[in-house]
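Report on one structure; see the data block that follows.
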Amino acid sequence: MIHAHSVLVIVDVQNDFVPGGALAVPDGHNIIPSVNRLSRRFENVVLTQDWHPAGHVSFASSHAGRRPFESIDLEYGPQVLWPDHCVQGSNGAALHVALDVPHAQMVIRKGCRMDVDSYSGFLEADRKTATGLAGYLRDRGLTHCFVVGLATDFCVAWTALDARHLGFEATVIEDACRGIDTGGSLERAWNDMQAAGVTRMRLGYDA
Ligand code: VGL
Ligand code: ZN
């Protein structure tokens, strides 16, 4: 199942996405031991890091009269508004200290542009701006993305969907992910992933 052309993509295991953080994913910290243990089975590991400038378009605080978890229409489509989170260089944006993947070879930072969000590790929300991850994987002959991390229904799902869209195999390991689940987002994400040919797998261990 895991082979030389497999890559583990660890999505957004950052301080702001665990309890106590600015955009806490319930139980988010509890995936970290499993992610660490799983990572030992992969020769190829890539991390993503949500990395927004202060005043980013995805922050509710950037839109007068708007509150977190409301949705607005931007040029590129609907955008959920979030509490300020993962501001470039802040402690909240740092990778969680318990994440232990010294053999990870690449960190992709995304959502770096003021006016464009990016849940996906591959393509930003304008659906045009590439992060470079697809090119990196192709250059290295990596064909199967195993995706874990935070949050299942946003950055994990969009990363897995884009992996399929860009011609990679994609598997989401559901017990090494946790979701935000706002407005039915978790069920929708699993339906979309299934329709796109993303495989859903369980580790079955609590590391
Ligand atoms: C994420 C909402 C906003 C995520 C990032 O990592 O799933 N969700 N920014
Ligand atoms: Zn974000």
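One-based numbering, in listed order, for ligands and for the atoms of each.
- Between F42 and H103, the gap from one ring centroid to the other reaches at least 6.0 Å.
- Between the side chains of Q14 and D50, no donor N or O sits under 3.5 Å from an acceptor N or O.
- Side-chain atoms of D117 and F154, non-hydrogen and from C-beta on, never get closer than 4.5 Å to each other.
- Note on the Zn ion (ligand 2): protein N, O or S atoms under 2.8 Å away count 3, no waters included.
- The backbone N or O of I72 sits nowhere less than 3.5 Å from a side-chain atom of Q79 that would complete a donor-acceptor pair.
- Taking 4.5 Å as the limit, some side-chain heavy atom of R138 sits within range of a side-chain heavy atom of L166.
- Under the 4.5 Å side-chain contact rule for hydrophobic residues, V101 and V148 share a cluster.
- Relative ring orientation between H144 and H3 is described as perpendicular, the plane-to-plane angle rising above 60° on a 0-90° scale split at 30° and 60°.
- Between the side chain of D126 and the main chain of Y76, no donor-acceptor pair closer than 3.5 Å is present.
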Short N or O contacts of ligand 1 with protein, under 3.5 Å, listed by atom name?
residue, atom, partner, partner atom, Å
ligand 1, 6 (O), D12, OD2, 2.7
ligand 1, 6 (O), L150, O, 3.3
ligand 1, 7 (O), A151, N, 3.0
ligand 1, 7 (O), C155, N, 3.1
ligand 1, 9 (N), D50, OD2, 3.0
ligand 1, 9 (N), H85, NE2, 3.1

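- Put simply, the side chain of T152 gets close to the backbone of G179: a donor and an acceptor are under 3.5 Å apart.
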